[in-house]
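In what follows, a structure is listed as structure tokens, so that the remarks can point back to it.
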2 protein chains.
Amino acid sequence: MTSLRDVAERAQVAVSTVSAALNGTRPVKAETKRRIERAAAELGYRPNLLARGLVSKRTRILALLFPPPGSGFGLTEMQFATGAAEAAAELGYHLLLSPESADPVEELRYLTGMGLVDGVLLMEVRLADERTDFLLESGTPFAMIGRTREPGSLDYADIDFARTARDAVAHLAGLGHRAIALLNHSTGAYSPGYGPAVRAGEEFAAAAREAGLWYAGDVRADTAGEGRLAFERLMAEHPEVTAVAAMSDQAAVGVLQAVEERGWRVPGDLSLLLASASARVAEMFRPRLTTLEPPGAELGRLGARMLIDRLESPGSPPAQRLVPCRLVIGDSSAPPRGSGAAR
Amino acid sequence: MTSLRDVAERAQVAVSTVSAALNGTRPVKAETKRRIERAAAELGYRPNLLARGLVSKRTRILALLFPPPGSGFGLTEMQFATGAAEAAAELGYHLLLSPESADPVEELRYLTGMGLVDGVLLMEVRLADERTDFLLESGTPFAMIGRTREPGSLDYADIDFARTARDAVAHLAGLGHRAIALLNHSTGAYSPGYGPAVRAGEEFAAAAREAGLWYAGDVRADTAGEGRLAFERLMAEHPEVTAVAAMSDQAAVGVLQAVEERGWRVPGDLSLLLASASARVAEMFRPRLTTLEPPGAELGRLGARMLIDRLESPGSPPAQRLVPCRLVIGDSSAPPRGSGAAR
DNA sequence: GACGCGGATCGAAACGTTTCGCAAAACGTA
DNA sequence: TACGTTTTGCGAAACGTTTCGATCCGCGTC
């Protein structure tokens, strides 16, 4: 491993001069600089990040905490990670992928105490999240993908649920639907206060109200089995519902089962929207589902970028970005049954 | 940030003694040790990884290179990452998620040159892979998820394609199929020599031969459109084929389209297997597809573990593990058309 | 009572950087 | 020529560890 000293020797200057020349920390005579750069290139010199980090207290490493598997870790969550890693790499940073153990706060204490990471990127943020409390208290810079209930002046990138819900509702209302339902995540599978579930619920309700649509909100399912039952119950209690938006792809599978069982067809008898699933997933369904595709990679990129901004200019105003899901129209949404148009 | 020196002061001993006591590097009198440990706990001391790494030349950080998005990065690939991160964490290591740029070797040179990572975990390995050449030459420890054509004494964890193909073929043969086809990845989308494509092709052919089945191997598709066309062509040329295994979920979508267009049903008229897709994905299809679920998380875990073994006992014999995909039987495989059994 | 020995602890050096006060050289001006 | 100013480069210290030879102490032995 070639060090700054080797370069200094070869270029016939002092170590500190090499450092200055290579980093542009202070002016170095053009000719000397050239000589140093040549020596560095010839020796294939690469600065040692550890030594640099030790003195500068900056490692240019970001940690991304990811929740234990099973808690709905899908394609979208992976896009957070790859998007963040890419944005970080573009800006000269690295991303550490840290699995979250049973005690996330202890995990964070450990992670930040080592001096290894400059900042933390949080995902799967809950409305009240102990992790943010710890990070605030410990003074560790961080940004969130998702957000707490009162993000105050914290940095975050999240889905624009308000906009997304209104787009979806407008799509359905435009087709002629008058009564819709949101098949939300079940409270059991996710810790209570799981942001997306709560916000989707609130915003779909608001959007439906604004559009003058009847709305059933408290229908919940996360598995195919649950989805089937939930849909049956919904139809029993509210037969007027002609369109359903499902938050979970698994639950959508159950709805399709139930639809088939009663001899119905999608979209003739029921319009089915998939909320929070990539178009790639929606394509696998028959018929191709209309979907609200979450901007996973973009949120990851934004999160990483705002964290880096925070690190490099700590005083700047908080960055808070909301990005709507993209409505990708498939073959599962059509005018409601009995409207005469499609059958 | 509390340092070794603070602990030493509080415990009234020398810095080096604290280091020895905390790491067990050399014997320290029980009472002294207790005193030191108490002081460390009271101060909330955490060793600084950078300083430690600087002298020990070991950071306990592993890098996982992941390919640029678009090259078929799905749920399985993500499981490599999370599995590896978890296994690493269990053993006290960290995982750096590194996006691979256009020049992977330069990327590696950079990554390993900084002294930041102890070893590298490679995925999406090709049969002839320049990255392994570089890593071997530079003496960087590494392990592969996947493998080159001649892995020699390299460490790897890969899918057991031979076993997987035989399981799949046995399943189909047992149902009565006599002629099958593998809908492989198209050569265009993947760099030539993409291991899984080549090995799946070879092993399915071998398994079919052994089972006495007629086999069509050179059918390729990676998108729905390609899948539809490929299937149509297959049926035109080889109408005797009654079962298809698709390597790509997208291609399977195309096959289902084509099946529907000709008024057929799955599995009555065609048995369709999904190779290399998680059961969760297979469930979204109607009917639920029979699938060969790759052991993504396990391969990730194995890869991380063998890399760590290599780091901690460099002389140990190479670890090479093959794990078969799990055959998850869905509703898409049944006796062949015309067999009288199912219709 | 001197000597040697082993266990326990200490102190200093080293890892590869950055940072900073200072000295040397170069230049312009009186 | 002498002096002040700017430019350029140097050397030492510091970051928080690990490592290793040196030192100190108590004890048994002859």
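Residue numbers begin at 1 in each chain, while the letters A, B, ... track the order of the sequences. Computed from a predicted model, the values in this text were never measured in an experiment.
Surrounding CZ of B:Arg5 are at most 12 heavy atoms belonging to other residues, nucleotides or ligands under 6.0 Å away.
Rounded to whole Å, atom P of D:dG9 lies 14 Å from atom CG of A:Leu22. Atom CD of A:Gln12 and atom P of D:dC10 are 10 Å apart (whole Å). Across the protein-nucleic acid pair, B:Glu9 atom CD and C:dC10 atom C1' stand 15 Å apart, rounded to whole Å. The distance from atom CD of A:Glu31 to atom P of C:dA26 is 12 Å, rounded to the nearest whole Å. The interatomic distance linking A:Arg26 (CZ) with D:dT7 (P) rounds to 13 Å, in whole Å.
With contacts defined as side-chain heavy-atom distances shorter than 4.5 Å, the pair B:Arg321/B:Leu299 does not qualify. Contact check for A:Leu135 versus A:Asp133: no side-chain heavy atoms found under the 4.5 Å cut-off. Between B:Arg35 and B:Val13 the shortest side-chain heavy-atom distance falls below 4.5 Å.
Between A:Asp118 and A:Pro141 the shortest heavy-atom distance is O-CD, 3.5 Å. Shown here for A:Met123 and A:Arg131, the closest heavy-atom pair between the two residues is O-NH2, 3.1 Å.
Across all strands shown, B:Arg5 has no heavy atoms under 4.0 Å from either base or sugar-phosphate atoms.
Contacts of residues 32-50 of chain B with DNA chain C (heavy atom under 4.0 Å): B:Thr32. Contact check of residues 54-61 of chain B against DNA chain C (heavy atom, cut-off under 4.0 Å) returns B:Leu54, B:Val55, B:Lys57.
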Candidate pair A:Arg46 and B:Glu106, rule salt bridge (Lys or Arg N to Asp or Glu O under 4.0 Å), full reasoning: CA-CA 12 Å; A:Arg46 320 251 157 199; B:Glu106 184 51 38; 3.7 Å; yes

Stepwise side chain to side chain donor-acceptor pair (under 3.5 Å) test for A:Thr148 and A:Asp129: CA-CA 7 Å; A:Thr148 56; A:Asp129 203 306; over 6 Å; no

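Considering only side-chain N and O atoms, B:Ser19 lies under 4.0 angstrom from the phosphate OP1 or OP2 of D:dT18. Between A:Thr17 and D:dC10 there is a side-chain N or O to OP1 or OP2 distance below 4.0 Å.
Both the sub-6.0 Å distance and the 45° axial angle are satisfied by A:Arg60 relative to the ring of A:Tyr93.
Checked against D:dT19, C:dT9, C:dT17, the side chain of A:Ser3 finds its nearest nucleotide in C:dT17. Distance from the side chain of B:Arg52 is smallest to D:dT18 among C:dT17, D:dT18, D:dC10. The side chain of B:Thr25 has D:dT19 as its nearest neighbour among D:dT19, C:dT19, C:dT17. Considering only the side chain of A:Lys29, D:dT8 comes nearest among C:dG16, D:dT8, D:dG16.
Where B:Val13 and A:Ala20 meet DNA chain C, the nucleotide closest to each residue was compared, and B:Val13 sits on the side nearer the 5' end.
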